[in-house]
> 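Following this message is one structure expressed as structure tokens.
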Amino acid sequence: MEHNLRVYNTLTRQKEPFKTVEPGKVGMYVCGPTVYKPSHLGHMVGPVIFDTVKRYLTYLGYEVKFVVNITDVDDKLIIEAPRQGISVSDLAERVTRDYVENLTKLNVTSIDLMPRATHHIGDIIEIIQGLITKGFAYPAAGDVYFDVTKDDDYGKLCNRDPEQLEAGARIEVSEKKRSPGDFALWKAAKPGEPAWDSPWGKGRPGWHIECSAMSTKLLGKTLDIHGGGLDLQFPHHENELAQSESYNGCTFANFWMHNGLMRIHSQASKIKDAKPRDDEPQKMSKSLGNEIVVHKLFERGIQPETLRFFLLATHYRRPIDYSEERLAEVGRGLDGFYRFFERFERINNKRNFYQPLPANVARGAGREGEFAVLRKRFLEHMDDDFNTGGAVGVLYELLTALNRFADAKQLEIGKGTADDVKAFEDGVIYLKELSQILGVFEKRPEEVKTDNASQQLVGGLMQLLIDLRAEARKAKNFALGDQIRKRLSELGVTLEDRAGGTNWRKD
RNA sequence: GGCCCCUUAGCCAAGCGGUAAGGCAGUGGAUUGCAAAUCCGCCAUCCCCGGUUCGAAUCCGGGAGGGGCCUCCA
């Protein structure tokens, strides 16, 4: 496979040339949510990033298997379910549905499997038993713990020294543990808790082990990419790594990718007792209670595509500060693209911009024209550790270049030569090709929900007003023409006079 | 206390040793009857102080400020 892709690896703290275990194939595992509360914006960062990662790898020719797990049994669920008066499994089901709906809206379509922890209890028990047999774990009164002192390179992902874990003394205290850094693989059930039979009695899996079990089961012993939020590095990923490598005796993941965290200024959130320095951004998290719930954002009319673009406009390893203003700003930037797509359809009314790409698009073909150069720069950014921020910048340059070209050749009034039109269409095809890598502009933005009859009526009335205004302007009665435009503007309708006629647009 | 990471224009942001992409906002112009849309122009020397180098936003050292993890967390 020929490419120049380099990927930053948390394990080595540097960018490395991307390689895979099996030629042409990629196994990618990303940690999904513990499903006890509706997803907030922070939960969307990883999926959008890794969806884009998969899109790019697929673009390069890889066959990618992308797994996102759902942790559906955990203390958090056990506490939350009774509060809502429902069972743990119903809670899990409800929250998972919310998660998936949000992902779908954000055009995260590339996930192949979403395994649930509770569907893999057998696999989990098998690994725990294996770890006990190999001497890496020990049962203790119905629990089972991983013994970090038996794992020579424990802490290698995060530079964590097991000795110093004691010094912290903030770790869960348990007299069952041999040393403070040990963590639970299996937890004995208290009465009324969800429980499964095991060699150590009724209980449930600890956190971390489900990921080791499901990733091995579904993707094999060595993952090409393991992803997740920066906050999962320790202890979650460190422990996953320790378990898996101790059990399988081989490298767990070749590339560890961690996305930056969504932050929010507490003033912008609804926290009552904000901390003294409430002007500094903080991580968005359920436990801090400052989260922006995704489905509420959609209910308020935020376009999913605006959100996706917002997430991709920054490099994935950096934190992103959320604010309403920022979202509105991104939306304004996006408008330029939507207007261009309409322009394209005016120029070539045979084609709908959102139609799929022709299958015969020859990638990398084409002259060293301006559009082709920009396309190349876009791909170079993606090769550089999936630098979507840089790529988005180039997409804007391509947009400007296309508008400039259409202006210069007066394509809108049919003045361009056949060659001009061809060159323009090639450029548009590049734009579509690159947009698809980012997972944007694949379908027309949602129209305001009105029934068909109303829409037709509005269209008819608008045409009536436009025609009347055209007559007034023809008669040089600009005062009347301007009045019509002004009154419409007050209603949120903008008129655009062009050579080919007048367009209208609702804000 | 330990371990990571960040600091670029009014705001967001790319940049990974060769003399600052892009977006939003602002502003001047082309176009327009006037607008809208579009295009063109203007708008930073990169937190501070040292050092390495012919050359540093980019490397090294120190300082200041901020974030994350060490406890559930995407």
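Within every chain, numbering begins at 1; the chains are lettered A, B, ... in the order of the sequence lines, protein sequences first and strands thereafter.
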> Assign A:Gly42 to base, sugar-phosphate, or nothing according to its heavy-atom contacts below 4.0 angstrom with the strands shown.
base

> Taking only side-chain N and O atoms of A:Lys486, does any of them lie within less than 4.0 angstrom of OP1 or OP2 on B:C34?
no

> Remember a base hit wins even if backbone is also touched, and classify A:Gln233 as base, sugar-phosphate or nothing at under 4.0 Å, heavy atoms.
nothing

> What class does the angle between the rings of A:Phe309 and A:Tyr396 fall in, given that below 30° is parallel, 30 to 60° is tilted and above 60° is perpendicular?
perpendicular

> Strictly under 4.0 angstrom, non-hydrogen atoms only: write out the protein contact profile of nucleotides 38-47 of chain B, one letter per nucleotide from the 5' end, B, S or -.
BSS-------

> Report, as a single string ordered 5' to 3', how protein heavy atoms within less than 4.0 Å touch nucleotides 9-14 of chain B: B base, S sugar-phosphate only, - not at all.
--BSSS

> Tabulate below the donor-acceptor pairs under 3.5 Å that side-chain atoms of residues 488-498 of chain A make, not counting sequence neighbours, or state none.
unit_1: A:Glu490; atom_1: OE2; unit_2: A:Lys486; atom_2: NZ; d: 3.2
unit_1: A:Glu496; atom_1: OE1; unit_2: A:Arg498; atom_2: NH2; d: 2.3
unit_1: A:Glu496; atom_1: OE2; unit_2: A:Arg505; atom_2: NE; d: 3.1
unit_1: A:Glu496; atom_1: OE2; unit_2: A:Arg505; atom_2: NH2; d: 2.6
unit_1: A:Asp497; atom_1: OD1; unit_2: A:Arg469; atom_2: NH1; d: 3.1
unit_1: A:Asp497; atom_1: OD1; unit_2: A:Thr502; atom_2: OG1; d: 2.9
unit_1: A:Asp497; atom_1: OD2; unit_2: A:Arg469; atom_2: NH2; d: 2.9
unit_1: A:Arg498; atom_1: NE; unit_2: A:Asn503; atom_2: OD1; d: 2.9

> Which class fits the ring pair A:Tyr322 and A:Phe310: parallel under 30°, tilted 30 to 60°, perpendicular over 60°?
perpendicular

> Classify the nucleic acid contact of A:Thr494 as base, sugar-phosphate or nothing, counting any heavy atom under 4.0 Å across all strands shown.
sugar-phosphate

> Need one value for A:Asn159: base, sugar-phosphate or nothing, where a base atom within 4.0 Å counts as base even if backbone is also close, heavy atoms only.
sugar-phosphate

> Hey, what's the ring geometry for A:Phe441 with A:Tyr338, parallel, tilted or perpendicular (30° and 60° as the breaks)?
perpendicular

> Answer yes when A:Asp407 and A:Arg343 have at least one side-chain N-carboxylate O distance shorter than 4.0 Å, and no when they do not.
yes

> Quick one: label A:Leu261 by what it contacts on the DNA or RNA (base, sugar-phosphate, nothing), any heavy atom closer than 4.0 Å.
base

> Have a look at A:Tyr396 and say if it touches a base, only the backbone sugar-phosphate, or nothing, with a 4.0 Å heavy-atom cut-off.
sugar-phosphate

> Kindly give the atom pairs (protein nitrogen or oxygen, nucleotide nitrogen or oxygen) under 3.5 Å for nucleotides 57-61 of chain B.
none

> With the criterion being N/O to N/O and under 3.5 Å, what pairs connect the protein with nucleotides 27-31 of chain B, and how long is each?
none

> Can you list every ring pair (Phe, Tyr, Trp, His ring centres under 6.0 Å) pair that touches residues 481-507 of chain A, not counting sequence neighbours?
none

> What's A:Thr34 touching, base or sugar-phosphate or nothing? Going by heavy atoms closer than 4.0 Å.
sugar-phosphate

